[in-house]
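Report on one structure; see the data block that follows.
Proteins come first, then strands; the chains are lettered A, B, ... in the order of their sequence lines, and each starts at number 1. Side-chain atoms are counted along with the backbone in the values below, which use heavy atoms only and exclude waters and symmetry mates. Since the model is a prediction, treat every value here as computed from it, not as a measurement.
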There are 2 protein chains.
Amino acid sequence: MKLDKGLMAGSSTLLVLTLLESGDMYGYQMIEELARRSNDVFQMQEGTLYPILHALEKGKYLTAYQQEAPSGRMRKYYRLTRRGRELLADKKAEWDRFRQGVGDVLSGGANALA
Amino acid sequence: MKLDKGLMAGSSTLLVLTLLESGDMYGYQMIEELARRSNDVFQMQEGTLYPILHALEKGKYLTAYQQEAPSGRMRKYYRLTRRGRELLADKKAEWDRFRQGVGDVLSGGANALA
DNA sequence: TGACATACCTTGTTGTTCGAGGTATCATAT
DNA sequence: ATATGATACCTCGAACAACAAGGTATGTCA
């Protein structure tokens, strides 16, 4: 069962930044790691991920460097900058507000007593 | 502080259907009720809501009827159909999967033991 | 009379995802 | 040798969704 495309919108940046919080990663690896951590709920497409990475790098939220894999292949690793960590904190706070908001509506209201 | 536009994407239909679960409502009222229940986290725009209502009505998820308000004004009320309740159940399940997925990624993985 | 809230609607812009395609390397099997 | 599949990067165009901004009209209150 695939997730609605709309739901992904807005959360992709949060997810990418979160992955990089636990260490530098390269794009292809992020897609795999995202699927692993989420039990395959998230199957991010390359056409979604790479533009996000490029935009975040352009905005100085990430820096990139090349590194050779044991296989000899070149990989492009991304690292969170200080700015990136700040953005991540904001995105996390926003996610919490959003999640809480949806929960409140589903339960009938923030202060639903009945 | 405004919510990112992207986060709203995909959840608007769920929110609208949820409101109608507790009784028939008219559009303008939904916007107010959504703000009330969510402590102003959700401030849905009319340009977002009305197209959603029309699409749901077209898809037979809702039926609409006119009713005069005490003030004498005409209001257009919407009512959930059986189909609509089924869609709502699906959307709720999808939201749960999504929320769980994000939570899993944020916490380092679904089965994070460390 | 004018201003504001109510109540409905549509159009165009913008932002985001995805599908589909392209390039190239490496490992494995034939 | 060669073909296939996984790895690894990238871009473009279509589709979709929310929003801003505009419009129409009625009721209320100063």
Side-chain angles (χ1 to χ4, degrees), chain A residues 2-17 19 24-36 41-59 62 64-78 91 94 98 101-102, chain B residues 2-17 19 24-36 41-59 62 64-78 91 94 98 101-102:
Chain A
K2 261 185 103 257
L3 260 191
D4 183 276
K5 186 199 299 188
L7 277 180
M8 285 307 299
S11 63
S12 295
T13 298
L14 166 65
L15 296 173
V16 166
L17 292 174
L19 288 180
D24 299 357
M25 284 192 195
Y26 55 98
Y28 199 84
Q29 181 185 12
M30 292 182 204
I31 290 173
E32 292 180 321
E33 182 66 8
L34 211 44
R36 191 192 67 76
V41 170
F42 299 129
Q43 295 166 13
M44 188 173 284
Q45 305 302 307
E46 300 187 8
T48 302
L49 178 61
Y50 289 114
I52 289 174
L53 290 174
H54 300 158
L56 286 174
E57 187 185 2
K58 193 177 174 191
L62 308 178
Y65 59 94
Q66 302 273 343
Q67 188 168 300
E68 197 175 340
S71 65
R73 301 172 62 100
M74 272 316 208
R75 289 168 176 167
K76 193 169 171 185
Y77 283 83
Y78 289 92
K91 291 279 183 189
E94 190 178 29
F98 177 68
V102 174
Chain B
K2 261 187 104 249
L3 261 190
D4 184 275
K5 187 201 295 190
L7 275 178
M8 285 307 298
S11 64
S12 295
T13 298
L14 165 64
L15 295 174
V16 166
L17 292 173
L19 288 180
D24 299 356
M25 283 192 197
Y26 56 97
Y28 200 84
Q29 181 185 13
M30 291 183 204
I31 290 173
E32 293 180 320
E33 181 67 8
L34 211 43
R36 191 192 67 77
V41 170
F42 298 130
Q43 294 166 13
M44 189 173 284
Q45 305 302 309
E46 300 186 8
T48 302
L49 177 61
Y50 289 114
I52 287 175
L53 289 174
H54 300 158
L56 286 174
E57 187 184 4
K58 193 177 174 191
L62 308 179
Y65 57 94
Q66 302 272 345
Q67 189 168 303
E68 196 176 339
S71 66
R73 301 172 62 99
M74 273 315 212
R75 290 169 175 165
K76 194 169 171 185
Y77 282 83
Y78 290 92
K91 292 279 181 187
E94 190 179 29
F98 176 68
V102 173

Among [options], which nucleotide sits nearest the side chain of [X]?
X: B:E32; options: C:dC18, D:dC10, C:dT6; answer: C:dT6
X: A:Y28; options: D:dA18, D:dC16, D:dA8; answer: D:dA8
X: B:A9; options: D:dA17, D:dT11, C:dT17; answer: D:dA17
X: A:M8; options: C:dC8, C:dT17, D:dA20; answer: C:dT17

Can you work out whether A:G47 or B:D4 has the more 5'-proximal nearest nucleotide on DNA chain D?
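The residue whose closest nucleotide sits nearer the 5' end is A:G47.
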Identify, between A:G6 and A:Y78, the residue whose nearest nucleotide on DNA chain D lies closer to the 5' end.
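Counting from the 5' end, the first nearest nucleotide belongs to A:Y78.
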Is A:E46 side chain donor-acceptor paired with the C:dC18 base, going by distance under 3.5 Å alone?
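No pair found.
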What's the spacing between [X] [atom1] and [Y] [atom2] if we round to 0.5 Å?
X: B:Y50; Y: B:M30; atom1: OH; atom2: CE; answer: 8.5 Å
X: B:L34; Y: B:Q29; atom1: CG; atom2: CD; answer: 11.5 Å
X: A:L56; Y: A:H54; atom1: CG; atom2: NE2; answer: 10.5 Å
X: A:L15; Y: A:T48; atom1: CG; atom2: OG1; answer: 11.5 Å
X: B:K91; Y: A:D4; atom1: NZ; atom2: CG; answer: 4.5 Å

Between [X] ([atom1]) and [N] ([atom2]), how many Å, whole number?
X: A:L7; N: D:dC16; atom1: CG; atom2: P; value: 16 Å
X: A:K91; N: C:dT16; atom1: NZ; atom2: C1'; value: 12 Å
X: B:E57; N: C:dC9; atom1: CD; atom2: C1'; value: 13 Å
X: A:Y77; N: D:dT7; atom1: OH; atom2: P; value: 14 Å
X: B:M30; N: D:dA18; atom1: CE; atom2: P; value: 15 Å
X: A:E33; N: D:dA8; atom1: CD; atom2: P; value: 14 Å
X: A:L49; N: D:dC9; atom1: CG; atom2: P; value: 9 Å
X: B:F42; N: D:dA18; atom1: CZ; atom2: P; value: 12 Å

Between B:Y65 and B:D24, what is the shortest heavy-atom contact and its length?
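Result for this residue pair: OH-OD2, 2.6 Å.
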Looking only at heavy atoms, what is the nearest atom pair of A:L19 and A:M25, with distance?
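Of all heavy-atom pairs spanning A:L19 and A:M25, the closest is O-CE, 3.7 Å.
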OP1 or OP2 of [N] sitting under 4.0 Å from any side-chain N/O of [X]?
X: A:Y50; N: D:dC10; answer: no
X: B:Y26; N: C:dC8; answer: no
X: A:Q45; N: C:dG19; answer: yes
X: B:H54; N: C:dC8; answer: no

Measure the shortest side-chain to side-chain distance between [X] and [Y] over non-hydrogen atoms and say whether it is less than 4.5 angstrom.
X: B:E57; Y: B:K76; value: yes
X: A:L62; Y: A:L17; value: yes
X: A:F98; Y: A:S11; value: no
X: B:Y28; Y: B:L49; value: no

What does B:G27 touch in the nucleic acid at a heavy-atom separation under 4.0 angstrom: a base, only the sugar-phosphate, or nothing?
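It contacts sugar-phosphate atoms only.
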NA contact type, A:K5, heavy-atom cut-off 4.0 Å: base, sugar-phosphate, or nothing?
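Since a base atom lies under 4.0 Å of A:K5, the category is base.
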Using C1' atoms of five pairs at each end, report the bend of the helix from C:dT1-D:dA30 to C:dT30-D:dA1 rounded to 10 degrees.
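Answer rounded to 10°: the end axes differ by 0°.
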Under a 4.0 Å heavy-atom cut-off, which of residues 66-75 of chain A touch DNA chain C?
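Nucleic-acid contacts, sorted: A:S71, A:G72, A:R73.
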